[in-house]
Amino acid sequence: MLIREARLADGRRRDVRITGERIEAVAAAGSLDAGANDDVVDADGRLLLPGAIDVHVHFRQPGYPHKETWATGSKSAAAGGVTTVVDQPNTNPPTVTGEQFDEKEALAADSLVDYGINGGVTESWDPDSLLSKPLFALGEVFLADSTGDMGIESDLFADAVARAAEVDVPVTVHAEDASLFDESAREGDAGGVGRDADADRWSAFRTAEAEARAVERAVGVAAESRARVHIAHTSTPEGIDAAASGGATCEVSPHHLLLSREDLSELGTYGRMNPPLRSEARRAAVFERVADGTVDMIATDHAPHTVEEKEQGLWDAPSGVPGVETMLPLLLDLARRGDLSYERVRDLTSTTPADVFGLPNKGRIEADADADLVLVDPESPRDIRGDDLHSKCGWTPFEGFSGVFPDLTLVRGRVVYERSGGDERFGEAAGENVRT
Ligand SMILES: NC(=O)N[C@@H](CC(=O)O)C(=O)O
Ligand SMILES: [Zn+2]
Ligand SMILES: [Zn+2]
């Protein structure tokens with residue numbers, strides 16, 4: 001394939017030739033000739049990015065295929081320009097033994113995009129068999145209960161970090177300390193169901209302090225065993241700063257970047273997630289740290305639940321929001337409006353996750369890299385509509401936001417998603433484990 005006259009994130013105009021699964025050449029626009037058998041894509045100045053690497057998704061298999069499957073989750077990823085996803089272990093059964101890893105890997109054969117599989121930690125985990133598998137990372141290790149109730153005690157966390165350090169597997173941490181939750185938020189009536197629920201109470205309950213203290217604890221434990229620790233879905237400036245000063249990497253999810261407690265009167269339980277939405281002041285401080293490079297990457301924590309599940313009272317509805325399809329479109333819309341640079345969006349979604357987690361063939365548009373590519377037209381944003389998205393859950397917390405969606409997504413040279421004139425076409429399931 002030859003992609004002609006593309007604009008890269010740094011503004012250079014380039015032709016890109018793909019042979020098989022790899023980028024063969026990147027050269028000045030107009031300088032590469034099409035071979036007789038080449039498919040030619042005229043980018044015509046559209047933006048070409050390395051495919052996004054989302055290190056935090058919940059594709060729900062095994063156990064909850066009514067919420068999402070590898071097939072639907074990976075379609076949603078492909079349509080959103082995500083070419084690699086990393087699945088989390090709070091499935092049913094949870095991914096805490098070697099055998100359970102193999103079971104999940106067999107289901108991932110349905111994935112259109114490349115993937116990593118994380119291994120979890122519970123009282124009944126089997127580190128010997130689990131750590132013998134090609135894990136992406138250990139994690140997300142839950143320091144407090146979230147969906148799946150996999151919260152663990154401090155001693156087990158320290159053991160798990162030490163085991164991971166021995167085999168140089170990174171550890172991804174869900175950092176909240178339940179002893180600092182504010183139980184008084186539960187008092188009185190939380191009000192109706194779904195969008196009518198008084199969801200601000202969730203933010204009052206799972207306090208900002210609970211995140212900061214848990215991040216400090218996690219980086220302290222990591223320092224003792226020289227483990228590589230990555231803090232998942234940091235939602236507060238305090239949590240981000242504690243991760244950065246403790247030598248850990250961190251991710252921010254699109255919902256903590258773009259939504260705050262002020263949105264909860266409209267979102268109700270559809271805005272309930274862990275960690276919860278924060279004050280507008282904290283959201284703005286998180287955004288600053290994303291823009292200035294303190295935050296390493298954006299990851300979605302794509303956590304689909306059905307409308308029926310969300311249409312309950314605040315304390316019964318499950319936590320989590322979908323996001324894998326809207327991450328890159330939302331960030332590109334911020335870049336289109338001048339709030340972030342295109343290079344920063346590229347680094348946050350692709351180059352830095354590839355560097356931090358050791359994926360040398362991904363995250364860059366250069367010769368010999370995997371041809372994981374996304375072509376978009378920043379001049380043609382669309383309104384985000386839950387009905388148009390491909391996740392099984394059928395809704396989005398970003399309804400009505402503007403997004404720049406892909407025209408074309410390639411995974412190792414194969415077309416996994418293509419859109420022209422409103423028609424969409426998906427490729428075959430041929431995703432591979434990035435650790436094997
Ligand atoms: N973030 C959430 O609120 N929910 C996640 C679990 C998690 O990441 O904590 C889920 O799996 O539903
Ligand atoms: Zn989590
Ligand atoms: Zn998660």
Side-chain angles (χ1 to χ4, degrees), residues 54-70 73 85-96 104 116-122 136-152 157 171-178 181 199 202-203 205-206 210-211 214-215 218 229-236 239 243 250-257 259 264 267-278 297-310 312 314-324 327 391-393 395-397:
D54 183 355
V55 301
H56 195 145
V57 305
H58 298 267
F59 279 180
R60 305 302 193 200
Q61 276 186 298
Y64 311 104
H66 67 286
K67 295 178 195 272
E68 197 74 287
T69 63
W70 279 92
V85 295
V86 177
D87 192 62
Q88 303 297 334
N90 58 336
T91 43
N92 188 16
T95 315
V96 296
K104 181 170 282 186
I117 294 174
N118 277 0
V121 180
T122 60
F136 186 83
L138 202 62
E140 57 181 295
V141 180
F142 290 90
L143 298 186
D145 275 346
S146 185
T147 307
D149 295 338
M150 291 172 69
I152 59 168
F157 177 61
V171 183
T172 302
V173 182
H174 178 125
E176 289 185 284
D177 181 340
F181 290 172
W202 194 252
S203 298
F205 172 52
R206 296 182 81 119
E211 173 172 286
V215 172
V229 164
H230 174 77
I231 310 295
H233 45 48
T234 46
S235 61
T236 62
C250 73
E251 71 196 30
V252 162
S253 65
H255 45 275
H256 293 122
L257 184 67
L259 302 172
L264 286 169
L267 288 168
T269 56
Y270 295 87
R272 180 186 140 165
M273 81 290 286
N274 304 324
L277 295 180
R278 306 299 188 182
M297 64 193 82
I298 305 289
T300 65
D301 192 14
H302 176 79
H305 298 284
T306 66
V307 166
E308 194 182 15
E309 289 163 341
K310 284 292 197 182
Q312 302 182 70
L314 180 63
W315 307 108
D316 295 321
S319 295
V321 298
V324 73
M327 168 178 72
S391 164
K392 213 172 206 179
C393 75
W395 62 276
T396 168

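Counting starts at 1 for both ligands and their atoms, in listed order. Quick note: numbers below take in every heavy atom, side chains included, and nothing from hydrogens, waters or symmetry partners.
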Undergrad: Where do Ala144 and Phe181 come nearest, in terms of heavy atoms and distance?
TA: CB-CZ, 4.3 Å

Undergrad: Would you say the side-chain atoms of Asn118 pair up with the backbone N or O of Ala137, donor to acceptor, closer than 3.5 Å?
TA: yes

Undergrad: Rounded to the nearest 0.5 Å, what separates atom CG in Leu143 from atom CD in Glu176?
TA: 9.5 Å

Undergrad: Measure from the ring center of His305 to the ring center of Tyr64 and say whether it is less than 6.0 Å.
TA: no

Undergrad: Output, by chain and residue number, all protein N/O/S atoms separated from the Zn ion (ligand 3) by less than 2.8 Å.
TA: His56 NE2, His58 NE2, Glu140 OE2, Asp301 OD1

Undergrad: Mind checking what makes side-chain hydrogen bond (donor to acceptor under 3.5 Å, both in side chains) contact with Thr236, not counting sequence neighbours?
TA: Glu211

Undergrad: Within the 3.5 Å criterion, strictly below it, is a donor on Lys104 or Thr91 matched to an acceptor on the partner's side chain?
TA: yes

Undergrad: Side chains of Glu140 and His174: do they bring a donor and an acceptor to under 3.5 Å?
TA: yes

Undergrad: Which residues satisfy the side-chain hydrogen bond (donor to acceptor under 3.5 Å, both in side chains) test with Asn274, sequence neighbours excluded?
TA: Ser146, Trp202, Arg206, Ser319

Undergrad: For a quick check: using heavy atoms under 4.0 Å, what are the residues in contact with ligand 1, sorted by chain and number?
TA: His56, His58, Arg60, Asn90, Glu140, Phe142, Ser146, Thr147, His174, His233, Met273, Asn274, Asp301, Ala303, His305, Ser319, Gly320

Undergrad: Between His256 and His233, is the ring centre distance below 6.0 Å?
TA: no

